[in-house]
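This is the structure I have questions about; it appears just below.
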Amino acid sequence: MDANIVVMGTESVGKSALTVRLLTRRFIGEYGDIESIYSHSFLADGREITLNIWDSPYSEDSSVETSLFEKKVRWADGYVLVYSICDRASFNSVSRLIQTIKSTKDYLSADKPPIVIVGNKRDLHHGRTVLSEEGRLLALNTDCHFYEVSAAENYHSVLMVFHGLVSRMKDAKLTSKRPLGFKGIVKSMSAVFARRRTDSL
Ligand SMILES: Nc1nc2c(ncn2[C@@H]2O[C@H](COP(=O)(O)OP(=O)(O)OP(=O)(O)O)[C@@H](O)[C@H]2O)c(=O)[nH]1
């Protein structure tokens, strides 16, 4: 079974840190601006599940963002929307993102893929500006799921985010994979460790 997961959120909230943590169990600190789709397989209830995880750097360029955004929504079987608990603006942005995703045609026609809201950087509790309750309430009001994690400190909670999302995907949905629509985006993990910039898009 294959599942496409898109990781979204504003700059520096830890999108790459979460993705790399899942894939390698490691936190390497700096990640570079790499637009990437990673594949990750695991066993759940005796079946092999392959996750294709699209992690992209946040861009202020709205024309780039808009066309990429549409591609992501078309492609996704599930969403991980990340904010930092120390960054109120990133939380507000996740809230807007949920509305935007939910109002797109592709989201509705795809039978409403599950959305997980992730408050990251839980280890930085002294700098917290977004309460856990606010994240939980946002999830409740928007019919999403909520986790607070630290990509820096904890592998297990990051694993729960992705596995929890997969368990909410409908099996039927996952059998019909949509083509990516453009090439040159698949990168290997070595690109992350080499911290290479790419101009593949
Ligand atoms: N303390 C702490 N720092 C974190 C955590 N997750 C990520 N960081 C740091 O936050 C910074 C940004 O992390 P990235 O993973 O590059 O963030 P991103 O959302 O992919 O950023 P863009 O690619 O710019 O959109 C890096 O310096 C990370 O080391 C965390 O859980 N705790």
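We count ligands from 1, going down the list as the structure has it; atoms in each ligand are counted the same way.
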Measure from every N or O atom of ligand 1 to the protein's N or O atoms and keep only the pairs below 3.5 Å, writing each with atom names and distance to 0.1 Å.
| from | atom 1 | to | atom 2 | distance (Å) |
| --- | --- | --- | --- | --- |
| ligand 1 | 1 (N) | D123 | OD2 | 2.8 |
| ligand 1 | 6 (N) | N120 | ND2 | 3.1 |
| ligand 1 | 10 (O) | K121 | NZ | 3.1 |
| ligand 1 | 15 (O) | S16 | N | 3.3 |
| ligand 1 | 15 (O) | A17 | N | 2.8 |
| ligand 1 | 17 (O) | G14 | N | 3.1 |
| ligand 1 | 19 (O) | V13 | N | 3.2 |
| ligand 1 | 19 (O) | G14 | N | 3.0 |
| ligand 1 | 19 (O) | K15 | N | 2.9 |
| ligand 1 | 19 (O) | K15 | NZ | 2.8 |
| ligand 1 | 20 (O) | S16 | N | 3.0 |
| ligand 1 | 20 (O) | S16 | OG | 3.0 |
| ligand 1 | 21 (O) | S12 | N | 3.0 |
| ligand 1 | 25 (O) | K15 | NZ | 2.7 |
| ligand 1 | 25 (O) | Y58 | N | 2.9 |
| ligand 1 | 27 (O) | G29 | O | 3.4 |
| ligand 1 | 27 (O) | E30 | OE2 | 3.0 |
| ligand 1 | 29 (O) | G29 | O | 2.4 |
| ligand 1 | 31 (O) | N120 | OD1 | 3.2 |
| ligand 1 | 31 (O) | D123 | OD1 | 3.4 |
| ligand 1 | 31 (O) | A151 | N | 3.0 |
| ligand 1 | 31 (O) | A152 | N | 3.1 |
| ligand 1 | 32 (N) | D123 | OD1 | 2.8 |
| ligand 1 | 32 (N) | D123 | OD2 | 3.4 |

Angle between ring planes, Y83 versus F146, binned at 30° and 60°: parallel, tilted or perpendicular? parallel
Please check if the number of heavy atoms outside D143 that lie under 6.0 Å from its CG is greater than 12. no
Looking at K121 and E153, is there a salt bridge between them, counting it only when a charged N and a carboxylate O are closer than 4.0 Å?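 Looking at E153 and K121, the cut-off is not met.
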Is the closest basic N to carboxylate O distance between R74 and D106 below 4.0 Å? yes
If you apply the rule ring pair (Phe, Tyr, Trp, His ring centres under 6.0 Å), what do you find for F162 with H40, and how did you get there? CA-CA 11 Å; F162 287 91; H40 172 69; 8.2 Å; no
Do I37 and I53 have side chains that approach each other closer than 4.5 Å (heavy atoms only, starting at C-beta)? no
